[in-house]
Amino acid sequence: VEEAGHVQGAGRQLGETRVVELRRVGPKVLLVQPNHRYRAISDNPDEARAVEQAFAESVLWGFEVAAEEGGRILVDATAFLLRDAHGVAERLQQANQGTYRLEASRSAPYLERTRSFPKNTELEATLTFVGEPKGLHIRTVAPSPDAVTVRQHHSFVELPDGGYIPRRFDPRSGYISTSYFDYATPIAEPIDQKLILRHRLQKKDPNAAVSEPIEPIVYYLDRGAPEPIRSALLDGARWWTEAFEAAGFRDAFRVELLPEGADPMDVRYNLIQWVHRSTRGWSYGSSVADPRTGEILKGHVTLGSLRVRQDFLIAEALLAPYEGEGDVPPQMEQMALARLRQLSAHEIGHTIGITHNFAASVNDRASVMDYPHPFATLRADGSIDLAAAYASGIGKWDVRAVLYGYSEFPAGADEEAELERILRETAAQGLLFLTDEDARPPGGAHPVAHLWDNGPDAAAELERVLDLRAAALRRFSERNVPFGRPLALLEEALVPVYLFHRYQIEAAAKLVGGLDYSFAVRGDGQAPTAPVAPDAQRRALAALLRTLDASTLTLSPEIVRLIPPRPDGFPRGRENFPGRTGVTFDPLAAADVAASMSLSLLLHPERASRLVDLHARDAGQPSLLEVIDAVVDRTWKTAAGSGAAAEVERVVDDAALRHLIALAASTDALPQARNLALLRLAELERWLDSTTGPGSALPVEELAHRRGARRQLAAFLEHPEQALSPPPALRTPDGPPIGTDDASHWAHTCSGGW
């Protein structure tokens, strides 16, 4: 059984999936979920029964028998459908969108999408929730936010036969896993058994090096995708054919247009679905998989239609392309379509069982399972070239992953040894694998596990990206908006240019206090851990400090002059900069946002704690005091300029103070990290006091700035335990997906199924 929720315009959410069975008990039919998390894979039925009896099962529903004829039973499923199985009311409340309750009088089964197929039965209901709306998100998709109507869908899918052969999970393989406890394993072996998710794929000739499959893996593209998007999605999806050929399969992976009249709810169709939302959002690669074995029964890709427009906007922002009326340079659409090809391949990768690889960018974009940042270069004339913005074709690491998951070995071969050989060959080729847990945390430590980055050297790439950003800002003008559009919309193009370095900041920050590590297995020869070299950390620190300079953050008077207040009909949104100046564009708020991005990462409690630990182990490693001093010297103790640049410097000073106080007050940081931050804050207070006394020659603006900071510091240092949180930072405009936190995200329904 699979549950899903759907709101028109807001996309779809996968709910929980479960393996279930129907049991007749007198006048009732019980929907029972056995506990497959605990098993005994044994020839001894008594041993298996002992495990079954040791752990609880769950009765999910009880149907009353309405009629019976010829061994067939009729039950009324209306009450089963007309309930909030997906927890919509709770989700809306958790998202601060309001308090809602299910209104039964406005809910009913939705027969248009209640159907039966050879291997699955589909049931759907229209559910209406009434209440008091609170947030903005629900207002963007519901015409009357006090009455939100959604559809919840239930899929009953037939369990597969027993012909599938599971494959073990290895942390180096790059696969999504499912696991269970097997109490029949020998004492010397792990009780927690892990399997990879993958499709069933078998050769017609198991002993042939290359063979056609008994049954190919076929994906079908939603006919609702228009051209030229349709062709781009088909092209990108078909990249995987190369990987399956390398694994010994001829014509084993195909992508076709969904046949006319075919129903996408039919579980026999692996589907690439083109969906529409009110805002840009994540794309997903999900699957219906058997948790007992890891066999994928259906891959389901969901691609948001507004994603392509975000890449188009990035191209528009970088190129300043509108020289004349009606000009739309083709390279903008070409870049957006190139991203769609990559996105199609990426999400399909999840549905064939592969997880993210966020270390691929250091190997010349070796995997479509990374999140790619558009790779732009500068021409000699200062213009920007996007011809190689996104890679084309499957990556080297992707081929190796398919080799592990789908290679079929000849009779008599030692599968464990063959799989280990594949993994060691992959490592020998220098192809790295690191995934979400390594790349996503803001305090992350690995020097090459990043989202939306480029290049093998994060610090050098940040310097390069800053140069490119500066060139794009120099070219920023009316040409960044088409003729006939309000000039206020220049801000939409300014955001991705001004924050073009946002992801490379995250990458460079991980070098500071960074730790290189691998998913080493005993005996495989890989080094488990090694601190990032001190010189690499200091180069990264220098690059990050550059992001705080007024020369980096001050917008030219020409750009600020071009952006008027928003006209009627064009309200500000979550992808615009916040502001403190009312209806006018606030360039100082933009500088605050950008500086806070760097400072929040550089002074993150986890990073600060690692700096303390690594420096204690090796005095050659940068210390936390070195990092704090570098920040204070580059901000507060740098001589103030004049005019707009001076106010930008003061905004950055305030941001630095805010994040230092946050570190000193953080309960997540190592106590010594907090103590060192407090030490430097006390020294900063004394310095501020010494520069702002009677007779100070500072300009009045700088004097007010420093005295205000001194008062804030004095209050904090007197009662640091009462500082629960620093003043709230300004909201950062939405960034990913540019492909808010790849969620392209993958979602897999491996916890149950049918």
ask   = Between D370 and R365, is a side-chain contact (heavy atoms from CB on, under 4.5 Å) present by the stated rule, with each step listed?
value = CA-CA 8 Å; D370 205 340; R365 303 193 279 191; over 6 Å; no

note = In terms of heavy-atom contacts, H659 and S600 come closest through CE1-CB, 3.6 Å

inquiry  = Measuring from atom CD of E626 to atom CG of L676, what distance do you get when rounded to the nearest 0.5 angstrom?
reply    = 13.0 Å

query = With a 3.5 Å cut-off and no angle check, do the side chains of R339 and Q342 form a donor-acceptor pair?
reply = yes

Least distance between heavy atoms, A709 atom then L657 atom = CB-CD2, 3.9 Å

request  = Flag the pair R566 and E492 as a salt bridge only when some basic side-chain nitrogen lies within less than 4.0 angstrom of an acidic carboxylate oxygen.
outcome  = yes

ask   = What do the steps show when you test T692 against R710 for side-chain contact (heavy atoms from CB on, under 4.5 Å), and what is the final call?
value = CA-CA 9 Å; T692 58; R710 184 173 61 82; 3.7 Å; yes

ask   = For P321, does its backbone N or O pair with a side-chain atom of E316 as donor and acceptor, under 3.5 Å?
value = no

request  = Going by the side-chain hydrogen bond (donor to acceptor under 3.5 Å, both in side chains) test, name the single residue among R686, K637, E702, R706 that passes it with T691.
outcome  = R706

key: Presence of salt bridge, D592 and R658, under 4.0 angstrom   = yes

query = Looking at R580 and D586, does any basic side-chain N land under 4.0 Å from a carboxylate oxygen?
reply = no

remark   = Heavy-atom nearest pair, L378 first then G382, reads CD2-O, 3.7 Å

inquiry  = Test your reading of the model: is there a side-chain donor-acceptor pair from S609 to the backbone of P605, 3.5 Å cut-off?
reply    = yes

request  = Mark yes or no for whether N357, through its side chain, and L432, through its backbone, hold a donor-acceptor pair below 3.5 Å.
outcome  = yes

query = Is there a donor-acceptor contact under 3.5 Å from the side chain of D654 to the main chain of V651?
reply = no

ask   = Would you say the side chain of L562 lies within less than 4.5 Å of the side chain of F585, judging by non-hydrogen atoms?
value = no

Test item: Q621 and P534 side chains (from C-beta on) under 4.5 Å apart, heavy atoms = yes

ask   = For the side chain of R607 and the backbone of L601, is there at least one donor-acceptor N/O pair under 3.5 Å apart?
value = yes

note = All heavy atoms of A656 vs all of V631, minimum pair found to be CB-CG1, 4.1 Å

note = Only one of F500, Y390, W452 passes ring pair (Phe, Tyr, Trp, His ring centres under 6.0 Å) with H373, and that residue is F500

ask   = So do the side chains of L730 and S596 get within less than 4.5 Å of each other, counting heavy atoms only?
value = no

key: Residues H346, H356; criterion side-chain contact (heavy atoms from CB on, under 4.5 Å); working and verdict   = CA-CA 9 Å; H346 177 105; H356 290 130; 3.3 Å; yes

key: More than 12 heavy atoms of other groups within 6.0 Å of D364 CG   = no

ask   = Can you find a pair of side-chain heavy atoms, one from I314 and one from P374, that are under 4.5 Å apart?
value = yes

ask   = Which pair of non-hydrogen atoms, one from G573 and one from R731, has the smallest distance, and what is that distance?
value = O-NH2, 3.9 Å

ask   = Strictly under 6.0 Å, is that where the ring centroids of H446 and Y517 end up?
value = yes

Straight-line distance of D633 CG to T635 OG1, nearest 0.5 Å = 8.0 Å

query = Is there a side-chain contact between D668 and E606, using heavy atoms and a 4.5 Å cut-off?
reply = no

query = If you measure from CG on L678 to CD on Q672, what distance do you get to the nearest 0.5 Å?
reply = 10.5 Å

query = So, E491 side chain and N576 main chain: donor-acceptor pair closer than 3.5 Å or not?
reply = no

query = Going through the distances and angles, do E575 and V495 end up as a side-chain contact (heavy atoms from CB on, under 4.5 Å)?
reply = CA-CA 8 Å; E575 297 183 50; V495 170; 5.9 Å; no

message = Salt bridge or not between E463 and R539? Use side-chain N to carboxylate O under 4.0 Å.
response = no

message = I'd like to know if D457 and R464 make a salt bridge, using a cut-off of under 4.0 Å between side-chain N and carboxylate O.
response = no

task = Would you give the length of the straight line joining atom CZ of R475 to atom CG of L318, rounded to the nearest 0.5 angstrom?
result = 10.0 Å

ask   = Taking the side chain from Y498 and the backbone from R469, do they hold a donor-acceptor pair closer than 3.5 Å?
value = no

ask   = Say you draw a straight line from CZ of R707 to OG of S696; how long is it, rounded to the nearest 0.5 Å?
value = 7.0 Å

query = Looking at A669 and L663, what are the two nearest heavy atoms and their distance?
reply = CB-CD1, 4.1 Å

ask   = Take atom CD in E132; do more than 12 heavy atoms of anything else shown fall under 6.0 Å from it?
value = no

query = Applying the side chain to side chain contact (heavy atoms under 4.5 Å, CB included) test to L624, which of N675, D629, L611 qualifies?
reply = L611

request  = Answer whether the closest heavy-atom distance between the side chains of E683 and V632 falls below 4.5 Å.
outcome  = no

message = Is the shortest side-chain heavy-atom distance between F570 and R485 below 4.5 Å?
response = yes

request  = Keeping the roles fixed (side chain from R379, backbone from I384), state whether a donor-acceptor pair exists under 3.5 Å.
outcome  = yes

request  = Verify, without hydrogens or angle tests, whether N480 (side chain) and S477 (backbone) share a donor-acceptor contact under 3.5 angstrom.
outcome  = yes

ask   = Considering only heavy atoms from C-beta outward, does the side chain of F358 approach that of R440 to under 4.5 Å?
value = yes

request  = Without swapping roles, check the side chain of R610 against the backbone of G443 for a donor-acceptor pair under 3.5 Å.
outcome  = yes

message = If I take atom CD1 from residue I661 and atom CG from residue L713, how far apart are they, to the nearest 0.5 angstrom?
response = 5.0 Å

ask   = Above 12 or not: heavy atoms from other molecules or residues under 6.0 Å from CG of D568?
value = no

